[in-house]
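Throughout, residue positions are numbered sequentially from 1 according to the sequence presented.
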Amino acid sequence: MTARNRRRILLRIGGLALLCLALIVALVMLKPPKVLPLPQPKESLEAVFQTDIENICSFTVYPLNYPAYTLVQLDGHFAVEGQPDYPLKETDIAFMAEHVAAVTPAERVDEWVDTPLNRANFGFDDKTVRVTAQLKDGRSIGFQFGADAPTETPSVYFLLDHDTYLYTIPASVRDLFDQGLHFLHTVPDISTADTSDILAISVSTSERSVRLLSVGTTWALTEPLPYPASSDTMQRLLSTVQQLRLAVFVTDIDDQTNLSSYGLAQDTTTITIKRRDQASLVLELGADIHGIGAYCAYEGAIYMVSYSALGALHHLDVQGVAFQGVTDIPFADVKHVEIRTPELSRKYSVQWVERVAPNNQLVLDENNQVQMDAKIMLEGTVVDADALAKFYQRLEAMQPAKPLPLDIDLSPTPKLTISVYTKEDSRILSFYAMDDGTMALSMDGHVVWTYEGQAVEQALKILLNS
């Protein structure tokens, strides 16, 4: 090997060595600072800070998306600093004070190394839920909630000021402090204890008005037209009214309140509940809130109310509550029935007589009531009772084919008119042929539904063929 070749080999070896050294130095320089590991289940912890609630002078809450507020302890209860008369939910405030007085994490994760990278990784940046507290003994504490932690039960990372560990704590504790002051404002009870105390319900907008009135044991529409109400629908609606509740206080209404920002300046929906021995409940609904509720004005304040709490009250309309059958009069209450078509007219009278057994004893039902039988007379002649009873049963069983516009124009002459009379009431039921083969029903001059024309004709045949 010549001296020249030996020199080339040594230069190459030296270059490789320098390259390796440079790579090692670069890796060392680029090594990130220590990052804490993800939490592993550890032993349950006792309180890492504890004092008596009476020792809390005040605590300040910094929610994520709402202004900070301070609660001060006055004469054994907490009040809003600067607003001592601000009505607060006592239960929520008591829970908050308990968590300030006894800081109890769920698990200890690891020793805390306060670096920008750790703060970013565990959610302790500038936008975090924080709490600070001043104690009567001169001490102060503070804690903050970080990002969600990958634990079996919902929890978040947690830091206590002047503590050397990173913890997890139930997410529910974070949520308790991550709410604006208005969420802690009391909300009035607007429920109704007994549905029998509800006398009338109305829902009005600039375009429509629907009003329901209690009539004895039943309900009826009075606006925009008189019509019997569906008993099943009314049971659900009355249950909604009975359990009606507001969700969250927003603000008091004064001269400075911008009602337009809540959709309450115009084009509102007004719900009025008239109650026995109580003032009427009046709610005014405004702008929609993310499709789950609306702003609601009530007795000088604005609240949030959920659509689930409002139920059908939010979109009450005639078709939603109107009786869907042909007649709402039970056959047992019928005294007379008149049938008229362009070709014929019949008048039936119904007498109800006690059913007597072969031993001349009255027949009783399962409720120990005397059973009654119908005696049917047509123009003064006794006829088979089954035909009229079956005809009436067909009417009671019919369900609408579709709804109709309330202002629809019908032909001048009905195909069939059934007049039903009781001792104190009556119904005039007129069927009008429609182009689609259905028949529109006019109940006492008001139209809501159509019914299958074939079903009406088949019911009439039962009566005419008897």
Inspect the contact between [Y] and [X] and indicate whether a charged nitrogen and a carboxylate oxygen are less than 4.0 angstrom apart.
X	Y	value
Arg427	Asp444	yes
Arg119	Asp114	yes
Arg139	Asp137	yes
Asp189	Arg245	no

With a 4.5 Å cut-off on side-chain heavy atoms, are [Y] and [X] touching?
X	Y	result
Pro63	Phe177	no
Leu246	Tyr298	yes
Trp449	Gln319	yes
His185	Pro87	yes

- [ ] Using the side chain to side chain donor-acceptor pair (under 3.5 Å) rule, take Ser209 and Ser204 through it: C-alpha gap first, then chi angles, then the decisive distance, then the call.
- [x] CA-CA 4 Å; Ser209 179; Ser204 302; 3.2 Å; yes
Under a 3.5 Å cutoff, is there a donor and acceptor pairing between the side chains of [X] and [Y]?
X	Y	answer
Ser308	Ser306	yes
Gln144	Arg130	no
Ser58	Thr70	no
Asp175	Ser172	no
Gln235	Ser239	no
Tyr167	Asp163	yes

Task: Worked check of side-chain contact (heavy atoms from CB on, under 4.5 Å) between Lys136 and Gln73 - done: CA-CA 10 Å; Lys136 294 178 181 179; Gln73 189 163 194; 4.3 Å; yes
Open item on the list: Going by ring-ring contact (aromatic ring centres under 6.0 Å, His included), name the residues that satisfy it together with Tyr421, two or more places apart in sequence or in a different chain.
Closed with: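 Scan of Tyr421 (ring-ring contact (aromatic ring centres under 6.0 Å, His included), adjacent residues dropped) gives none.
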State the [atom1]-[atom2] distance between [X] and [Y], to the nearest 0.5 angstrom.
X	Y	atom1	atom2	value
Leu316	Ile201	CG	CD1	8.0 Å
Thr268	Leu283	OG1	CG	11.5 Å
Thr327	Met398	OG1	CE	11.5 Å
Asp194	Asp277	CG	CG	11.0 Å
Leu181	Phe249	CG	CZ	9.0 Å
Leu238	Thr192	CG	OG1	9.5 Å

Task: Nearest heavy atoms of Ser191 and Arg275, plus distance in Å - done: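 Where Ser191 meets Arg275 most closely, the heavy atoms are O-NH1, 3.5 Å.
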Open item on the list: A cation-pi test, strictly: NZ or CZ of Arg108 under 6.0 Å from the centre of the six-membered ring of Tyr165 and no more than 45 degrees from its axis. Yes or no?
Closed with: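 Satisfied, under 6.0 Å and within 45°.
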Task: Qualifying residue for side chain to side chain contact (heavy atoms under 4.5 Å, CB included) with Ile141, from Val100, Thr51, Asp161 - done: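 So the option named by the test is Val100.
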Tell me, yes or no, whether the heavy-atom count around [X] atom [atom1], taken from other residues, nucleotides or ligands under 6.0 Å, exceeds 12.
X	atom1	value
Gln454	CD	no
Glu90	CD	no
Asp435	CG	no

TODO: Check the angle between the aromatic planes of Phe145 and Phe143 and answer parallel, tilted or perpendicular using the 30° and 60° thresholds.
DONE: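 Taking Phe143 first and then Phe145, their aromatic rings stand perpendicular (interplane angle over 60°).
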Task: Aromatic ring pairing Phe122/Tyr157, orientation class (parallel under 30°, perpendicular over 60°, tilted between) - done: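 The rings of Phe122 and Tyr157 stand perpendicular, inter-plane angle above 60°.
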TODO: Could you tell me whether Trp112 and Phe158 have their ring centroids closer than 6.0 angstrom?
DONE: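 No; Phe158 has its ring centre 6.0 Å or more from that of Trp112.
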Open item on the list: Using the side chain to side chain donor-acceptor pair (under 3.5 Å) criterion, which residues pair with Asp288? Sequence neighbours excluded.
Closed with: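 Testing Asp288 for side chain to side chain donor-acceptor pair (under 3.5 Å), a comparison that skips the adjacent residues, returns Tyr307.
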Task: Trace of the side-chain contact (heavy atoms from CB on, under 4.5 Å) decision for Leu310 with Ile271 - done: CA-CA 10 Å; Leu310 291 172; Ile271 299 173; 4.0 Å; yes
TODO: Quick one: do Leu285 and Cys296 satisfy side-chain contact (heavy atoms from CB on, under 4.5 Å)? Show the steps, please.
DONE: CA-CA 5 Å; Leu285 304 184; Cys296 173; 4.0 Å; yes
Open item on the list: Between Asp178 and Phe183, is the side-chain contact (heavy atoms from CB on, under 4.5 Å) condition met? List the steps.
Closed with: CA-CA 10 Å; Asp178 190 20; Phe183 284 93; over 6 Å; no
- [ ] Mind checking salt bridge (charged side-chain N to carboxylate O under 4.0 Å, His left out) for Arg276 and listing every partner two or more places apart, or none if nothing turns up?
- [x]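 Result, salt bridge (charged side-chain N to carboxylate O under 4.0 Å, His left out) vs Arg276: Asp197.
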